[in-house]
Amino acid sequence: MTEQQSIHGVWTKRWTFILAATGSAVGLGNIWKFPYMTGENGGGAFVLIYLLFIAGIGIPVMLAEILLGRRGRASPINSMHKLADEARSTPFWGGIGWLGALAGLFILSFYSVVAGWAVFYVYLMASGTFTGQSAEMISGEFGNLVSDPGRLVDWHTLFMAITVAVVANGIHKGLEMAVQLLMPLLFIMLLVLLGYSATQESFSQSLAFMFRVDFSRLSETAILSALGHSFFTLSLGMGAIMAYGAYMSRQQNLASTVVTIGLLDTLVALVAGTVIFTIVFGNGLEPGAGPSLMFQTLPIAFSQLPGGVVLGTIFFVLVTAAAWSSAISLAEPAVAWAVETLGMNRGVAALIVGVLAWFLGVACALSLNIWSDVTLFNNNIFDFFDKLTTNIMLPLGGLLICLFVGWVMDRAIVRGEVDIDHPTIYRVWFFLVRFVSPVGVAVVMFNKLMG
Ligand code: PFF
């Protein structure tokens, strides 16, 4: 059988898929979101549940999602139409693609605002604003940023512009280099910070907070948040990984690739959390501070490290790069669809998606100050988009992906595509996709929504 190819191209090197998918997975979700969610949800028990969701649901779903992309060889919307057709099922399965493209747009909106903060912190670090300042003053700087609508919108605009620029040029060129060089550097910087944390007295308190499990602190909200975040952090349930799978060659082993990505992603989150809580406890800060947490803590560490101005500047550049390689994948499903189906030029498609997400992002930015009274289902606009996507759209997308792969697709095709040699591992995976993941997602979502 001749192998089909995506019209958007194929990754040029074997490693590129792993790098691109890791670039998509590792981002603000690991360094910004995971630590503050852990802080808000009381620590160890949340971390444990999150790890269980990653291993038992996230990794199996990732395999299923890539498989759909690699077989469909098109944008998620068109891949799902093709595969539904191949399985002689209803075209409604295309809904997975639509839901995903919309979720990508929504996430990109608030994601770009937060990435804008990271860009602003590059400037703050480089200009030496924090040098010789007290911890209190450093953590207070964040409040000045969020209360200033003009600054928020400017940095959000800058970040969206660099995202659109790469997506417009075809994601391969920019991404391959950026990810090969910058991701490993980010990891090294995190290890430097971990080394610094290990010298601090509050290090053991941080470890205890992150890893000592106390189930009495676990609420139903925390369980849903852990589930939602396991999808968010691995970029699952919205077609990003499916779109990348479409550019993956057939020779590559899926199972080991997916496990590698899952491990790397988890490691980054755990290291970031440990560093951040060391600073929190060492400086009497509040673990449950929310979205400001990373920005209020890490600059304190840099202000105390030798060469902190340079290290801190590099660090925030790398965080920006990590956010950028994730943002690209958020736009890709919608852009790839517009190119394929509407015959649109890639640049125009990227611009339209970017402008739409930019407008939503402006609303998110303003909801942190002048529009803070505007609420949607009891949340400000920023939190509304975050919760709608993380807690509902992504898990729902993941659930539908499992139902499609587990129950609708021809089993021989699934078996041929996943290409797991070991029969027991294959059976465990298929069982997780058929039963455990869909039931797990359904139970957690249903419980929370009904409660
Ligand atoms: N996984 C990214 C992060 O952790 O920052 C965010 C993300 C990217 C979510 C792509 C979803 C997605 F499709």
What heavy-atom pair brings M238 and S329 nearest, and what distance separates the two atoms?
CE-O, 4.2 Å
Parallel, tilted or perpendicular: rings of F209 and F281 (30°, 60°)
perpendicular
Residue list, side chain to side chain contact (heavy atoms under 4.5 Å, CB included) with A301, at least two apart or on another chain:
L193, Y196, I279
For the residue pair L145 and F295, establish whether any side-chain heavy-atom pair is separated by less than 4.5 Å.
no
Quick one, M183 and S325 - any side-chain contact, counting heavy atoms below 4.5 Å?
yes
is_close_aromatic(F435, W407), centroid dist under 6.0 Å:
yes
Flag side-chain contact, heavy atom, 4.5 Å: V259 against L263:
yes
I want to check something: taking the side chain as every heavy atom from C-beta on, are M409 and L68 in contact at a cut-off of under 4.5 Å?
yes
pair F187-L182: side-chain heavy atoms closer than 4.5 Å:
no
Measure from NZ or CZ of R217 to the centre of the six-membered ring of F46, then state whether that distance is under 6.0 Å and the direction lies within 45° of the axis.
no
Can a donor-acceptor pair be found between the side chains of N30 and D265 at a distance below 3.5 Å?
yes
The criterion is side chain to side chain contact (heavy atoms under 4.5 Å, CB included); which residues satisfy it with T375, sequence neighbours excluded?
none
With R212 via side chain to side chain contact (heavy atoms under 4.5 Å, CB included) - residues at least two apart
A208
State, yes or no, whether a side-chain contact exists between L190 and L318 at a heavy-atom distance under 4.5 Å.
no
Y50/F34 aromatic ring centres below 6.0 Å:
yes
Angle between ring planes, Y247 versus Y244, binned at 30° and 60°: parallel, tilted or perpendicular?
tilted
Parallel, tilted or perpendicular, judged at 30° and 60°: which one describes the rings of F106 and F385?
tilted
Using modelled atom types only, decide if a donor and an acceptor are shared between the side chain of W429 and the backbone of P60 within a distance under 3.5 Å.
yes
